[in-house]
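Below you'll find the structure, written out as structure tokens, and then a few comments.
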Amino acid sequence: VAIPKTFIMHLLLVILLFLESQFCVQSSDSNSPAGDNLATNGLPFPWSKVRLPNYIVPVHYHLLIHPNLTTLKFSGSVKIEIDVKNNTNWVVLHSKNLKIFTATVLDENEAHLSDKVLSVLEYPAHEQIAIFSPKILTSGEKYFLYLEFGAPLSDGFYGFYKSTYKTKAGETRVLASTHFEPTSARMALPCFDEPIFKANYTVRIRRGPSHIALSNMPLISIYAVPEKWHQTHYALEAALRLLEFYEQYFNILYPLPKMDLIAIPDFQSGAMENWGLTTYRETSLLYDPDISSASDKLWVTLVIGHELAHQWFGNLVTMEWWNDIWLNEGFARYMEFVSLEAVYPELKVDHFLDTCFGAIGRDSLNSSRPISSLAENPTQIKEMFDTVSYDKGACILHMLRNFLTNEGFQSGIIRYLRRFRYSNARNEDLWDSLIKTCSEEDFTAGEYCYSSTQATKNAYRFAGEHIDLKKMMSTWTLQKGIPLVTVRRQGRRLYVGQERFLKIVLPNDPSWNSLQEGYLWHIPLTYKTSHSEHEVKHLLTTKSDVLTLDEEVDWVKLNTDMNGYYIVHYDEEGWNCLTELLRVNHTALSFKDRASLIHNAFQLVTISQLTGKTGNSILANRALDLIGYLKSETHNVPLLQGLGYLQSFYKLIEKRHIADVTHNLKTYILQYFRDVIDKQTWSDDGTVSDRRLREEVLSLACDFNYPPCLEKAKQLFNSWVDSNGTVSLPTDVSETVYMVGAQDDSGWAYLLEKYGVSMCETEKSKFLSALASSKDSKKLSRLLQLGMGGTVIKTQNLPSLIYMVARNPVGHFLAWDFVKKHWNELVEKFPLGSFGIRSIIVGTVTQFSSTEELREVEVFFKSITEQVSQLRVIQVATENLEKNIMWLKRNLETMRTWLQQRLN
Ligand SMILES: *[C@@H]1O[C@H](CO)[C@@H](O)[C@H](O)[C@H]1NC(C)=O
Ligand SMILES: *[C@@H]1O[C@H](CO)[C@@H](O)[C@H](O)[C@H]1NC(C)=O
Ligand SMILES: *[C@@H]1O[C@H](CO)[C@@H](O)[C@H](O)[C@H]1NC(C)=O
Ligand SMILES: *[C@@H]1O[C@H](CO)[C@@H](O)[C@H](O)[C@H]1NC(C)=O
Ligand SMILES: *[C@@H]1O[C@H](CO)[C@@H](O)[C@H](O)[C@H]1NC(C)=O
Ligand SMILES: *[C@@H]1O[C@H](CO)[C@@H](O)[C@H](O)[C@H]1NC(C)=O
Ligand SMILES: [Zn+2]
């Protein structure tokens, strides 16, 4: 799950908040080309661009806001101090769905420039308003813009919106919250809503006497609705420890006098990093030791680590424009792992590789995009909050850190933060900061130090020659896709080559050459051999190259620990040696190397006819042979990696009703992994790794109707029901227990009843997942209706509910039909480009795997508006569907034969 976020500010529970903070805003061109755009009153609107003019710069906002939780409306006033850079009569700024009651321009002494009421033109298509000043605003002078405005609290999850919660006594209460990133601050107040227009804020909030007031305090505090206060202890401790880590790591103290964390009952993304007041979905912040599993705890810790990292990456230093949002999100995603590894080693965040595997899944399709991509309008901007910005961004940073060494990387980002604090940065600013070395004195003097004479010593160490870091990193951020490195070994020579890795288009396809054209990466290669003590490094900057080993070796493994963002394809013999190595002694390779071999092999399966330089192919059975060693695997990362592939093939062919292969694959998995399954206990014992393995393995076994699993789960479910939900189940297996219980009518009904009264969101999400696993399509329809209603099942959970139903083999058509039928309502709840609508599209479409289904999906999206068909996510989803079709075409027969051989 991505953690969409923001950088703007304040949440208002109910409040009196007086806070200076940073905001956003920007523009690209300075001339004011009045186009043919007409304002709502029919007069010409003075500005034709989506981005604001750059000659009016906000400096300080004095905001008074007055939400009324009875009438569900808010009103407010804002006085904005502005600097004028060019003479003009117009002030153009953002406003969306706000009614503007008054607009005035004041001079430096706060005297009115005109005694007339100023006219306000509105241009809704660009979410802009323009205020005409009869007197010219003079370049170099300071002015104040004063506006009064109001609107209903919005429905949905953007701007200043209402949220509700139920008390134990059943009373429904209202609160108001904000979510601004990326383009919704303009729904709460008229403002210059672009990242480069950072400014100071003074905020006052008027509230009723029964509401809570928050103000600046030199403390970390956590807020939740009263019934859930006991679930906040863990988050408080985690926030304290992680904040302390970041202050040391970044060598910059957290600049605000307070940091609040708030769980909001209605929240669309995972969390939002408003400076000093981070907002969270309840499941991302609240932790109940009796109910939350090891995975839930890990999730909460990661999200807090992410949001706190944003206090530096995002709030202190902000990207100049949304094209570089990865500078916020890639960093925050990566720092989750860096911070947890340091502060919570016992949580074993050894699944960072999964983040990169996810990114590769997207990046090996032609519909991927460069990390830095064009994004102008609000829909495009929302779509930037995706796996490319977050996960690929994090993986590229991980590669860079290994390239520069930990110390080199850390001192570089300290420099970057110091140089650009309270300001904005671009892609290249980061590379510049990373290559300039800095002395200890510069740090202590608080300088960011820019010495143009010193080149990076660390990079020297890597490859033995001068490295152009900017050029190297541009091949990763300005170019989409991921390289495939091919390796052929002949004696002591390694012939390596690179090409763009593409999942759907094969070399014999006419478009292959054009899709390869111009693609070249600077790849920091690393490798180990049977004879090497240390990893060896080489920077590959050409299409092909020859490396010479010191001696003859038995095997070579490239991309040590998968620290680099590339896939490796060996020649026939290379794969054989590694397969054999895993079989006889898998501990000769690190668990990360093992997981990356499994990953690479299964990626290559999709493109079964691969003919790179090595000219060989790797079919499903080769990959299956490779994981033949998994019986003796004890580390959960490679084990779950291999099991995960088998499970995903199973899910694919199960939906296609390919009965023989489905049956054989299930039998094979249960036989082959029987020892691992039987070894699991129904408890919360063991390390975090043990616990996460147990959760996955038992869930799979019961899903496959493995009798001992069903029996135990049934027994636990019955005792839970008998106690009327009061006995506590082992947290890691409770979801599996509920799933088994949900398979009959009375169990299902009981879970739905408990869903309605539970006071713990984590528990509710487990109930919902169980309810959605029912094999009765009427029950699934009922759930979707409840999700649409938004009362029993909150609207915020609808996208994940749709996905849960879609992945159910009896639910995928149902979910898709539901999406088609309710498309307009869904888009109203989850705006185009938002995380919610994207998970709905991807979650349903990617369950399909036939050409008829592909056609149907294409027809549907063509039939709706132009704007929708331009969504990037639709290409991503349909290309994933094509990938499924290809996979079946290329591998089903191989799989069928392979299974028959193994089971006879
Ligand atoms: C605004 O002023 C800048 C410098 O003072 C100048 O370069 C630019 O052309 C001006 N823009 C307009 C639209 O007058
Ligand atoms: C915001 O306030 C801080 C502290 O008072 C001050 O240093 C900074 O210059 C201000 N920024 C702007 C854009 O006015
Ligand atoms: C909200 O509006 C109601 C009805 O107009 C009014 O009675 C109440 O005082 C208002 N509350 C606040 C906090 O303004
Ligand atoms: C690949 O994507 C590019 C846009 O990035 C597009 O122009 C091209 O048509 C696509 N090619 C194929 C074969 O899908
Ligand atoms: C397996 O590999 C490890 C690590 O290289 C080595 O220490 C061990 O001796 C090997 N065991 C066998 C049986 O070859
Ligand atoms: C069972 O628990 C629910 C709360 O979850 C409560 O409302 C109900 O009264 C209980 N039933 C019995 C028979 O105790
Ligand atoms: Zn984030």
Side-chain angles (χ1 to χ4, degrees), residues 1-8 12-16 64-76 150 152-153 162 166 168-170 174-176 179-182 195 204-213 227 267-275 278-281 284 291 302-319 322 324-337 339 355 382 384-391 393-394 397 720-728 749-760 763-764 767 835:
V1 186
I3 309 175
K5 67 209 46 163
T6 81
F7 53 155
I8 315 259
L12 334 159
L13 220 146
V14 209
I15 308 173
L16 187 93
L64 169 66
I65 200 135
H66 176 186
N68 187 317
L69 300 183
T70 313
T71 60
L72 301 178
K73 290 181 183 156
F74 69 96
S75 57
L153 288 167
K162 64 170 185 281
K166 264 207 182 119
K168 257 208 168 98
V174 181
L175 60 90
H179 188 92
F180 291 169
E181 194 182 41
R204 285 176 301 149
I205 293 170
R206 191 171 289 155
R207 62 169 174 96
S210 61
H211 297 140
I212 307 170
E227 259 84 7
F267 201 81
Q268 200 209 341
S269 47
M272 176 63 221
E273 67 270 19
N274 308 297
W275 216 1
T278 51
T279 49
Y280 296 77
R281 194 180 259 251
S284 306
I291 292 173
L302 285 169
V303 178
I304 294 174
H306 181 106
E307 299 312 316
L308 294 185
H310 273 315
Q311 307 306 309
W312 287 264
F313 283 99
N315 295 348
L316 190 62
V317 178
T318 309
M319 76 287 154
W322 302 106
D324 275 335
I325 184 62
W326 82 280
L327 288 173
N328 290 8
E329 297 305 349
F331 260 106
R333 171 58 45 87
Y334 188 45
M335 292 311 296
E336 294 171 21
F337 291 91
S339 64
T355 303
K382 284 196 193 75
M384 291 295 283
F385 292 78
D386 67 356
T387 189
V388 174
S389 291
Y390 283 73
D391 300 328
L397 292 169
W720 180 73
V721 173
D722 291 345
S723 75
N724 194 14
T726 56
V727 300
S728 5
Y750 186 75
L751 283 164
L752 185 60
E753 182 195 321
K754 285 286 167 199
Y755 183 88
V757 295
S758 170
M759 280 301 195
C760 174
E763 181 177 58
K764 289 176 75 163
F767 289 158
F835 181 67

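Indexing begins at 1, ligand by ligand and atom by atom, following the structure's order. Because the structure is a prediction, the values reported are computed rather than measured.
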task: Could you tell me the angle subtended at the Zn ion (ligand 7) by NE2 of His306 and NE2 of His310, rounded to 10°?
output: 100°
message: If we count only N and O atoms by modelled type, under 3.5 Å, do the side chains of Ser758 and Glu763 hold a donor and an acceptor together?
response: yes
field: Within-cutoff protein neighbour (heavy atom, under 4.0 Å) for atom 11 (N) of ligand 6
entry: yes
message: Could you tell me, atom by atom, which parts of ligand 6 come under 4.0 Å of a heavy atom of Val757?
response: 5 (O)
statement: dist Thr318:OG1 -> Phe313:CZ (nearest 0.5 Å) comes out at 11.5 Å
message: As an exercise, state the distance from CZ of Phe180 to CG of Asn274, rounded to the nearest 0.5 Å.
response: 7.5 Å
- prompt: Is atom 7 (O) of ligand 3 less than 4.0 angstrom from at least one protein heavy atom?
  reply: no
query: Is it true that Lys754 lies under 4.0 Å from ligand 6, counting heavy atoms only?
result: yes
query: Below 4.5 Å, heavy atoms only, C-beta onward: do Leu308 and Glu336 meet side chain to side chain?
result: no
Atoms in ligand 3 with a heavy atom of Asn68 nearer than 4.0 Å: 1 (C), 2 (O), 3 (C), 8 (C), 10 (C), 11 (N), 12 (C), 14 (O)
Side chains of Glu329 and His306 in contact at under 4.5 Å (non-hydrogen atoms): yes
query: What is the nearest protein non-hydrogen atom to atom 14 (O) of ligand 3, stated with its residue, atom name and distance?
result: His66 NE2, 2.8 Å
query: When rounded to the nearest 0.5 angstrom, what distance separates CH2 in Trp326 from CZ in Phe331?
result: 6.0 Å
message: Within the structure provided, determine whether Ser284 and Glu307 are in side-chain contact (heavy-atom separation under 4.5 Å).
response: no
field: Heavy-atom side-chain contact between Thr278 and Gln311 under 4.5 Å
entry: yes
field: Under-4.0 Å protein heavy-atom contact, atom 2 (O) of ligand 6
entry: yes
- line: Filtering Thr71, Leu72, Thr70 for the heavy atom nearest atom 5 (O) of ligand 3 leaves Thr71
- request: Please determine if the Zn ion (ligand 7) has an N/O/S atom from Glu307 lying under 2.8 Å away.
  value: no
field: Atom of Glu329 nearest the Zn ion (ligand 7) (restricted to N/O/S, atom name only)
entry: OE1
- prompt: Can you tell me which residue and heavy atom of the protein come closest to atom 13 (C) of ligand 6, and the distance to 0.1 Å?
  reply: Asn724 ND2, 4.2 Å
